[in-house]
There are 2 protein chains.
Amino acid sequence: MKTQTATRKSFRREGEDKRREDLIAATLQCVAERGLAGATVREIALRADVTPGLIRYYFPAKDDLIGAAYRAVMNRMTVQASDALENADSDPRARLSAFVTANLGAPIMDPHNLSLWAGFIGLVHADPSMAAAHRDGYLGFRDELEALIRDALLAAFKPAEKSVTRRHAIAINAIIDGLWLEGCLAGDIFADGELAETGIAAIEAVLGVSLAIEGGAK
Amino acid sequence: MKTQTATRKSFRREGEDKRREDLIAATLQCVAERGLAGATVREIALRADVTPGLIRYYFPAKDDLIGAAYRAVMNRMTVQASDALENADSDPRARLSAFVTANLGAPIMDPHNLSLWAGFIGLVHADPSMAAAHRDGYLGFRDELEALIRDALLAAFKPAEKSVTRRHAIAINAIIDGLWLEGCLAGDIFADGELAETGIAAIEAVLGVSLAIEGGAK
DNA sequence: GCTCTAATTATGCAAGCGTATAAATACTTG
DNA sequence: CAAGTATTTATACGCTTGCATAATTAGAGC
């Protein structure tokens, strides 16, 4: 008989890139909502509206998908921060200020991003390839920040040798990261924009430079 | 026959407190070495030299053990930082300095602690009881820091109203957290004590107060 | 030293995991 | 429109996981 077998799932063939993106997006959704442990192959497939087997067609092992997802998050945040610079004032001090504000506001300062980041960080210590991915992201961010700092110092006619900018970059990176953390973890106990203002004030103090230019941005 | 059954494991009855501590310590070991995922009931039992069943005798569910372990880490770090104050100078500025140095050096600034912290933080967003545990720890730390800041400001004859100390506490907490992160993640790319020095310099700039007292500590 | 009980071990189960592989099907190409 | 292939589904296997429960035993109290 078998007149009506349980109807096989219909599907479309998506481009390779599209599928990879979808799978990564589904992974991020899982991690954000239920932690790394919630990102099972089956759950990810469900969210991507795909069968589990397909995941292994695009990613040799689950860890590869996880790693790709991690890089995607870091990359997304980096790009969002850089975007803020595109539309920013041309004055280096205003640019630095805009960079900080972008990192300490939506959509970068978001609990989901922290969950993702934290989930992955736990692996950095164990998995060398993850550690490499992390270091690249970190150094890239700090280099970008260091360049902004140098330009801001020069615009204020302050010394900006490498040894100075390096130390400032470390400190200011810490300020941004630390405030980002606070905001992600307990955004509700801070007023809107409070963390960004606090960050800018602290950075101004560290650099000894005012970032608010007359006739300011926008 | 049965002349020699496969020898049942011998054991001693430990006090309830001792056992709990041992189980928590074993859990932390697992998390630190292989991430939260590595902290399975069986592995934890192995490290505690105990059979898996015993864990459920002391902790109704695995999550309860995990939560207890999280609180233990946070508590340990808090206590270690406070200990540094016990043996510190009496000058408030030196005390603040000592507090910062303690948080940015061994044993607090350690990759293992970060792994632990990160693993747990991923759960904060999902599990309300974990979120409560976290907020308590965070606010406790910030309150302690805020008190230190107030005293340091007063010692330097600077205004120290609540609104001022609150904002400073937020910023300085960020500096400490951020540098702690950097150090934990990539301690090897920093010179010894570099992060503590950087932190103190940044904090001095933010407060407008020198923390180095003539005739310094010790 | 016997007894009793609480602490501990031993055993097992059901569920969920990642992965392997074979079968089916939507497209591409001629 | 037929054939071929890359993409996708379906199925299943072996392992590990958290948890339940029964059997044991160490140590306290009389």
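Naming convention: chains lettered A, B, ... in sequence-line order (proteins, then strands); numbering from 1 in each chain.
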So if I define the base as every atom that isn't primed, P, OP1 or OP2, how would nucleotides 11-23 of chain D read as a B/S/- string at a heavy-atom cutoff under 4.0 Å? ------BBBS--B
Rounded distance (Å) that lies between atom P of D:dA10 and atom NZ of A:K9: 8 Å
Measure from CG on B:D49 to P on C:dT9 and round the result to the nearest Å. 8 Å
In this structure, which one of A:R19, A:R12, A:K9 forms a salt bridge (Lys or Arg N to Asp or Glu O under 4.0 Å) with A:D49? A:K9
Check the distance between C:dA20's C1' and A:I55's CD1 and give it to me in whole angstrom. 15 Å
A:E14 near the nucleic acid: base, sugar-phosphate alone, or nothing, with a heavy-atom cut-off under 4.0 Å? sugar-phosphate
Gap between atoms OH and C1', on A:Y57 and C:dA23 respectively (whole Å): 15 Å
To the nearest angstrom, how far is B:F11 atom CZ from D:dA26 atom P? 5 Å
Does B:F120 have B:R71 sitting over its ring (NZ/CZ under 6.0 Å from centre, angle to axis within 45°)? no
Looking for any heavy atom pair under 4.0 Å, which part of the strands does A:Y58 touch: base, sugar-phosphate only, or nothing? sugar-phosphate
Students often mix this up, so state it plainly: with edges at 30° and 60°, are the rings of B:F99 and B:F141 parallel, tilted or perpendicular? tilted
Quickly work out the B:L54 CG to D:dT25 C1' distance and round it to whole Å. 13 Å
From CG of A:D64 across to C1' of C:dG18 the rounded distance in Å is 13 Å
To the nearest angstrom, the CD-P distance between A:E16 and C:dA26 comes to 20 Å
Do any N or O atoms of the protein come closer than 3.5 Å to N or O atoms of nucleotides 2-5 of chain D, and which pairs are they?
none

